[in-house]
Amino acid sequence: MATTFTPRVFSGIQPSGGLTLGNYLGAIKRFVDMQADEFETIYCMVDLHAITVWQDPADLRRNTRELCAGFIASGIDPEQSVLFNQSQVPEHTQLGWIFNTVARMGWLNRMTQFKDKAGKNRENSSVGLFAYPALMAADILIYHATHVPVGEDQKQHVELTRDIAAKFNHDYGVDFFPVTEPVIEGAATRVMSLRDGSKKMSKSDASDMSRINMTDDADAIAQKIRKARTDPDALPSEVEGLKDRPEARNLVNIFAAMDDRSVEAVLADVGGKQFSEFKPMLADLAVAKLSPISTEMARLMEHPDEIDKILDRGATRAREIASPILKKTYEIVGMVGS
Ligand code: TYM
């Protein structure tokens, strides 16, 4: 009979600086929602993933604390959820090594995030950037996590995690790792650039006008939305009317996700309006939702010691779950020792 696993959510974000509205709507806001469900929730600042591309040490320290502040300011309760940074829980890298031996070169060669990040510079990319998805699988499976909320761009990595779990179980003749479900839901699973509706909103885009940062003030948010690229037509009343209008679709998706409504419900309200009327509505909503978060983040950042304490405690709790799972994995693989 198949093993039943505790419903458990795991997800992670890289502390590589500059949280965007994409991170918020595609990930953090969903993490907060799942905290209220029947799941155990574990959220991680994946600093070991961040260093697969160069990070200045002082920046990494600051960005890790800022990300933790962002989680808490958005509504992650560090008592209810386990909140920690990856490098403090060595079981991730220990299981990651085992998964390096399970994952196949061909599988990793197909990963689009590696291709995007390495670009033409493949020969000069770090080995860690290539092996990145095996460590991500370890992040998830060291907790036997059953559900992983992520944005659309991480789907391929979660699918690889499923392949690794299945191959491990098959090769060792066990039913030990769950085949984890990606949870990619809601109106904003892929928030696009404000300057180009065919490109993902990203912290690495050269233009700051392409994204809303979680630390932007009200004026910056309003200005970026006012200047966002659109088309000349009025908004449609039905979802079909957004077809072939990527910029319009993006702004409506952002509005819906931020207001916890479906795209259909939003269009029923705003259909027929011009962007000159819709953009100020969106800007007001974005400011109302994001400013309390950025204010709270700034307040929390004044107390880095408190943040470090929260991370320490989170790591202790994380290890309580991870350590027996690693021990059992070693036994399955045939490692000698206690
Ligand atoms: P990262 O740090 O690039 O992004 C963190 C989360 O934000 C989501 N996201 C978006 N969602 C919608 N629209 C966007 N424009 C957008 N930009 C980012 C991402 O999909 C992600 O959910 N590999 C992961 C980190 C990771 C991880 C894990 C995630 C490491 N281990 C284990 C889940 C489980 C990453 O680079 O995310």
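Order of listing sets the numbers, starting from 1, for every ligand and every atom in it. We count residues from 1, following the sequence as given.
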Any N/O of [X] closer than 3.5 Å to an N/O of ligand 1?
| X | answer |
| --- | --- |
| Thr20 | no |
| Glu152 | no |
| Gly151 | yes |
| Tyr132 | yes |
| Ser11 | no |
| Asp153 | yes |
| Val191 | yes |

Which ligand 1 atoms does [X] reach within 4.0 Å, using its non-hydrogen atoms?
| X | value |
| --- | --- |
| Gly26 | 11 (N), 12 (C) |
| His49 | 30 (C), 31 (N) |
| Ile13 | 2 (O), 5 (C) |
| Lys200 | 15 (N) |
| Ile140 | 32 (C), 34 (C) |

Look at [atom] and say which protein heavy atom is nearest, naming residue and atom and giving the distance to 0.1 Å.
| atom | answer |
| --- | --- |
| atom 28 (C) of ligand 1 | Met136 CG, 3.4 Å |
| atom 29 (C) of ligand 1 | Gly12 O, 3.4 Å |
| atom 32 (C) of ligand 1 | Phe10 CE2, 3.5 Å |
| atom 37 (O) of ligand 1 | Gln154 NE2, 3.9 Å |
| atom 10 (C) of ligand 1 | Gly22 O, 3.4 Å |
| atom 2 (O) of ligand 1 | Gln14 N, 2.9 Å |
| atom 6 (C) of ligand 1 | Ala27 CB, 3.6 Å |
| atom 31 (N) of ligand 1 | Asp139 OD2, 2.7 Å |

Task: From CA spacing to verdict: side-chain hydrogen bond (donor to acceptor under 3.5 Å, both in side chains), Thr64, Asn85 - done: CA-CA 8 Å; Thr64 303; Asn85 60 321; 5.5 Å; no
Task: Other residues, nucleotides, ligands: >12 heavy atoms within 6.0 Å of Glu123 CD - done: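 Incorrect, the count does not exceed 12.
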At what distance, to the nearest 0.5 angstrom, does [atom1] of [X] lie from [atom2] of [Y]?
| X | Y | atom1 | atom2 | value |
| --- | --- | --- | --- | --- |
| Leu60 | Asp47 | CG | CG | 6.0 Å |
| His144 | Thr180 | NE2 | OG1 | 9.0 Å |
| His49 | Ile51 | NE2 | CD1 | 10.5 Å |

- [ ] Using side chain to side chain donor-acceptor pair (under 3.5 Å) as the criterion, list what pairs up with Gln223, not counting sequence neighbours.
- [x]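 Counting only residues at least two positions away or on another chain, Gln223 forms no side chain to side chain donor-acceptor pair (under 3.5 Å).
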Task: Derivation and outcome, ring pair (Phe, Tyr, Trp, His ring centres under 6.0 Å), residues Phe176 and Tyr172 - done: CA-CA 9 Å; Phe176 183 61; Tyr172 290 101; over 10 Å; no
Taking heavy atoms and a distance under 4.0 Å, where does [X] meet ligand 1: side chain, backbone, both or neither?
| X | value |
| --- | --- |
| Arg190 | backbone |
| Ala188 | backbone |
| Val148 | side chain |
| Asn23 | both |

Task: Distance-only side-chain donor-acceptor flag, Ser81 / Thr41, under 3.5 Å - done: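 The criterion, which ignores hydrogens and geometry beyond distance, is satisfied for Thr41 and Ser81.
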Open item on the list: Could you check, using the six-membered ring where one of them is a Trp, whether Phe255 and Phe278 have ring centers closer than 6.0 angstrom?
Closed with: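 Yes: the rings meet the under 6.0 Å criterion.
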Open item on the list: Please report whether the ring centroid of Phe114 lies less than 6.0 Å from that of His157.
Closed with: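 Centroid separation for His157 and Phe114: 6.0 Å or greater.
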TODO: Indicate the ring-plane relationship of Phe71 and Tyr43, choosing parallel, tilted or perpendicular according to the 30° and 60° boundaries.
DONE: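 Ring orientation of Phe71 relative to Tyr43: parallel.
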TODO: Take His147 and Phe5 through the test ring pair (Phe, Tyr, Trp, His ring centres under 6.0 Å) and record every step on the way to the result.
DONE: CA-CA 11 Å; His147 295 79; Phe5 294 93; over 10 Å; no
TODO: Would you confirm whether Asp259, through its side chain, and Ala256, through its main-chain N or O, come within 3.5 Å as a donor-acceptor pair?
DONE: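 Not a single qualifying donor-acceptor pair exists.
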- [ ] Look only at the side chain of Asn213 and the backbone of Asp216, and say whether a donor-acceptor pair between them is shorter than 3.5 Å.
- [x]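 Pair absent, no side-chain N/O of Asn213 close to backbone of Asp216.
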